[in-house]
A.B. asks: 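The structure's right below; bear with me while I get my questions together.
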Amino acid sequence: MKTYQTDQIKNIALLGNSGSGKTTLAEAMLFNGGVIERRGTIDGKNTVSDYRPIEHENGNSIYSTILYTEFLNKKINILDTPGLDDFSGGVISSLYAVDSAVMVINVQNGVEVGTEIHFRHAEKVNKPLILVVNGLDHEKTNFDKSYEMMKDWFGNGVTLIQFPVNEGVGFDSVIDVLKMKMLQYPKDGGTAKVSDIPEEHKGKASELHSALIEKAAESDEVLMELFFSNDTLTEEEIRKGIAKGIISRGMFPVFCISAKNNIGIDRLLEFIVNETPSITDMPAPKNSKGEEVKPNTSGSASVFVFKSSIEEHIGEINYFRVYSGKITENLDIINSNNGTKERLSQLYICAGKNRTRVPELHIGDIGAFVKLKNTRMGHTLNAPGNNWKYEGVVFPEPKYRTAIKAVSESDDEKLGEALNKIHLEDPTILIEYSKELKQIIVHGQGEYHLNIMKWHLDNIYKIPSNFNPPKIPYRETITKAAQADYRHKKQSGGAGQFGEVHMIIEPYEEGSTPLNMQKIGGKEFKLSIRDTEEIKLTWGGKLVYVNCIVGGSIDARFMPAILKGIMEKMEVGPLTGSYARDIRVYVYDGKMHPVDSNDISFRLAGRNAFSIAFKNANPKILEPVYDVEIMVPSDRMGDVISDLQGRRGMVLGMSSEKRFEIIKARVPLAEMNKYSTALSSITGGRAFYTMKFAEYVQVSAEVQEAVIKAYQEEEEEE
Ligand SMILES: Nc1nc2c(ncn2[C@@H]2O[C@H](COP(=O)(O)OP(=O)(O)O)[C@@H](O)[C@H]2O)c(=O)[nH]1
Ligand SMILES: [Mg+2]
């Protein structure tokens, strides 16, 4: 394996709808570069990229895969990504590690939902795109239709570099309007025979050639002036214009291929090598202090780990990209996220599961470490001298949750370990051990996402488990003031217990102040406020504890015990046993016994007084409500809105964007169970959404009744 310098390295991600041919294209790219000797196929379950058992089972990429090829003396690192939205984690982390992306479009379908979603991911992080129309060998192709769709969706930047001569079965030739040549491929594909453009295609070719020159000129003012004065550009100027247009995303060049038959791949690789940006052409990454980290060849080494995975027989592998300096074997390096030292004993480059050991890697390159102790995806490793961290990868919020339980209790610990590993490999799967709900909640991007996770638990980890409906983290609060007192007294030989507490509780609103007069049940209570303590509850909201004791009726030293008793009840509300929040408690009177009073007595008196008062204060259930943003094709908007209303959702606003309507709504979490599946069936998989916790709100009387009933039934079962 050669050593590649920074200007010899290109990094690309393969994007596109599921089934567009990304993995097949990756295989052809490796084959053309001589990295593999024969091309595997999806049906043959022997591609370099889809090498994991689940990918063979499904015939589909589930994770991102790191590959490379060598072409024209350059190294191209290729990140093959999964097309399904449920697995977008692999797409997002891959985009962090590349300088441009190749969007594969299945010519039979043109722009699909997945194309659009991946386009957005690339747009968010400002990565240049090349559009590759694939499958031109298929019997039902319509290149012009795909081209129209691309222009419609992605705008005027869509620029043809090629058009097919004979699309359909027997497809073997394209006209290249940058080279102004015809490229004809042998039966097995591979290297094109280059010839002059046949007469019948000359007109179309020169028209597109002019359009390409104009587009190239648009990307740069100097080129524009040259173009106006000379009416054309030299080849070198065109190339410069194209490269600039690509970087600024003003140009999305279009190529024509059949990945399956290895047609058009050599030319695509040549274009990637010559025209796409390398790391030094792109904006430098920012560290967590907001400073740019410029690629510095002579500086200390600095890398960002963009992916971790666990491989059979090896354990954890960390995939990284070099941002500064040079990485060599046996380098001692510091993990800037946790301060631990790591030794880079072995350094690899990867083509799927095949690893090749290399002595060093330069800025821009992508490689893998094994056997690191405390490093994982999202971490920065620095050689001494650098002390920054890179801004991490921002993954989408989870939008699907389920509870999980091992079938056999003896597997509980194993299940926990397996879930941790699963999260390490796929950070969009989040594991929550909810003490409150007494459930393990798994959060992911969709039902399919979590079903695949379960497949791994069943088949790889061999831990049988069940999914259960996840409980909702309800809260309880009060809606009016109430008063209660309680005497705790126990005198049966030996030391006795005595404590008496009088309290008033009322609803607490953020920013409000305690009152020194309360009227409850026609009775007036004058309170003299001596001390106020605001407690921020770990489960959200507040408890405000007001000491109004006068004349020493309760010793100050017992006040913390009373609060402790109250907090015990705050953790199990009277209606459904949920956490309580937003309550103000005034302790204004009580009694002590000279011998028998102690902490325990006051804790119990406080707890019971609070419990009685809570029940009399018209308690209400609060439920979590989420901000939901849905992108839906216009023709399905009505259906989606009426479905939302059926989910007690409140539509807050609507707006249009290109071909989508964006609906913003607030929906109770309790109604979002399996929403991704429902939305997909309403819209034929053409909509997508995000959700984020917004606030807790009181539920209606009917909902409250239903929730309490469900809670009581469950209690009886246990
Ligand atoms: N006819 C034809 N089929 C293709 C082509 N490229 C990929 N396929 C097939 O399309 C299916 C999906 O391909 P795959 O590479 O897994 O797509 P991915 O989901 O984008 O990675 C497989 O059955 C491939 O054999 C092509 O150029 N022509
Ligand atoms: Mg794939």
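Every heavy atom of this structure was used, including side-chain atoms; hydrogens, water molecules and symmetry mates were not. Read the numbers this way: they start at 1 and go in the same order the structure lists the ligands and their atoms.
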A.B. asks: Using a strict 4.0 Å cut-off to heavy atoms of Ser18, name the atoms of ligand 1 that fall inside it.
C.D. replies: 19 (O)
A.B. asks: Does His138 approach ligand 1 within less than 4.0 angstrom via side chain, backbone, both or neither, non-hydrogen atoms only?
C.D. replies: side chain
A.B. asks: Looking only at protein heavy atoms, which one is nearest to atom 17 (O) of ligand 1, and how far off is it?
C.D. replies: Gly21 N, 3.0 Å
A.B. asks: Say whether Leu25, considering both its backbone and side-chain N or O atoms, lies within less than 3.5 Å of an N or O atom on ligand 1.
C.D. replies: no
A.B. asks: Looking only at heavy atoms, is any part of Thr23 under 4.0 Å from ligand 1, and if so is it the side chain, the backbone, or both, or is it neither?
C.D. replies: both
A.B. asks: So, is Asp50 polar-close to ligand 1, with some N/O to N/O distance under 3.5 Å?
C.D. replies: no
A.B. asks: For the ring pair Phe119 and Phe252, is the centre-to-centre distance below 6.0 Å?
C.D. replies: yes
A.B. asks: Applying side chain to side chain donor-acceptor pair (under 3.5 Å) between Tyr4 and each of His362, Lys75, Glu70, report the one that passes.
C.D. replies: Glu70
A.B. asks: Give the minimum heavy-atom separation between His423 and Ile429, together with the two atoms involved.
C.D. replies: ND1-O, 2.7 Å
A.B. asks: What is the closest protein heavy atom to atom 3 (N) of ligand 1, and at what distance does it sit?
C.D. replies: Lys260 CD, 3.5 Å
A.B. asks: Backbone or side chain, does any N or O of Ala259 fall under 3.5 Å from an N or O of ligand 1?
C.D. replies: yes
A.B. asks: One residue to check: Thr41. Relative to ligand 1, which of side chain, backbone, both or neither has a non-hydrogen atom less than 4.0 Å away?
C.D. replies: neither
A.B. asks: Does Ser20 reach ligand 1 with a nitrogen or oxygen that is under 3.5 Å from one of the ligand's nitrogen or oxygen atoms?
C.D. replies: yes
A.B. asks: Could you tell me if the ring centre of Phe304 sits under 6.0 Å from that of Phe320?
C.D. replies: no
A.B. asks: So, is the end of the Lys204 side chain (NZ or CZ) under 6.0 Å from the ring centre of Phe163 and within 45° of the ring's axis?
C.D. replies: yes
A.B. asks: Would you call Glu657-Arg120 a salt bridge at under 4.0 Å N-O?
C.D. replies: yes
A.B. asks: Asn261 versus ligand 1: do any nitrogen or oxygen atoms come within less than 3.5 Å of each other?
C.D. replies: no
A.B. asks: Check for me: within less than 2.8 Å of the Mg ion (ligand 2), which protein N/O/S atoms show up?
C.D. replies: Thr23 OG1, Ser61 OG
A.B. asks: Regarding atom 8 (N) of ligand 1: of the candidates Asn60, Thr24, Asn17, Leu14, which has the closest heavy atom?
C.D. replies: Thr24
A.B. asks: Are any side-chain N or O atoms of Asn142 and backbone N or O atoms of Gln108, one a donor and one an acceptor, separated by less than 3.5 Å?
C.D. replies: no
A.B. asks: Using the ring of each side chain (for Trp, its six-membered ring), is His121 parallel, tilted or perpendicular to His118, with breaks at 30° and 60°?
C.D. replies: tilted
A.B. asks: Do Phe660 and Phe688 have ring centroids that are under 6.0 Å from one another?
C.D. replies: yes
A.B. asks: Would you say the ring centers of Phe369 and Tyr348 fall short of 6.0 Å from each other?
C.D. replies: no
A.B. asks: Determine which pairs satisfy side-chain hydrogen bond (donor to acceptor under 3.5 Å, both in side chains) with at least one residue from residues 392-401, sequence neighbours left out, and list them in order.
C.D. replies: none
A.B. asks: Any N or O on Asp137 sitting closer than 3.5 Å to an N or O of ligand 1?
C.D. replies: yes
A.B. asks: Can Asp635 and Arg686 be counted as an ion pair, charged N to O under 4.0 angstrom?
C.D. replies: yes
A.B. asks: So, does Asp86 use its side chain to make a donor-acceptor pair with the main chain of His449 at under 3.5 Å?
C.D. replies: yes
A.B. asks: What I want to find out is whether Glu311 reaches Lys353 closely enough, with some N-O distance under 4.0 Å, to be called a salt bridge.
C.D. replies: no
A.B. asks: So which heavy atom in the protein is nearest atom 16 (O) of ligand 1, and how far is it from that ligand atom?
C.D. replies: Ile42 CD1, 3.1 Å
A.B. asks: Where the closest heavy atom to atom 27 (O) of ligand 1 is concerned, which of Asn134, Asp43, Ile265 has it?
C.D. replies: Asn134
A.B. asks: Compute the shortest N/O to N/O distance between Ile257 and ligand 1 and return yes if it is under 3.5 Å, no if not.
C.D. replies: no
A.B. asks: Which residue and non-hydrogen atom of the protein lie closest to atom 11 (C) of ligand 1, and at what distance in Å?
C.D. replies: Gly19 O, 4.4 Å
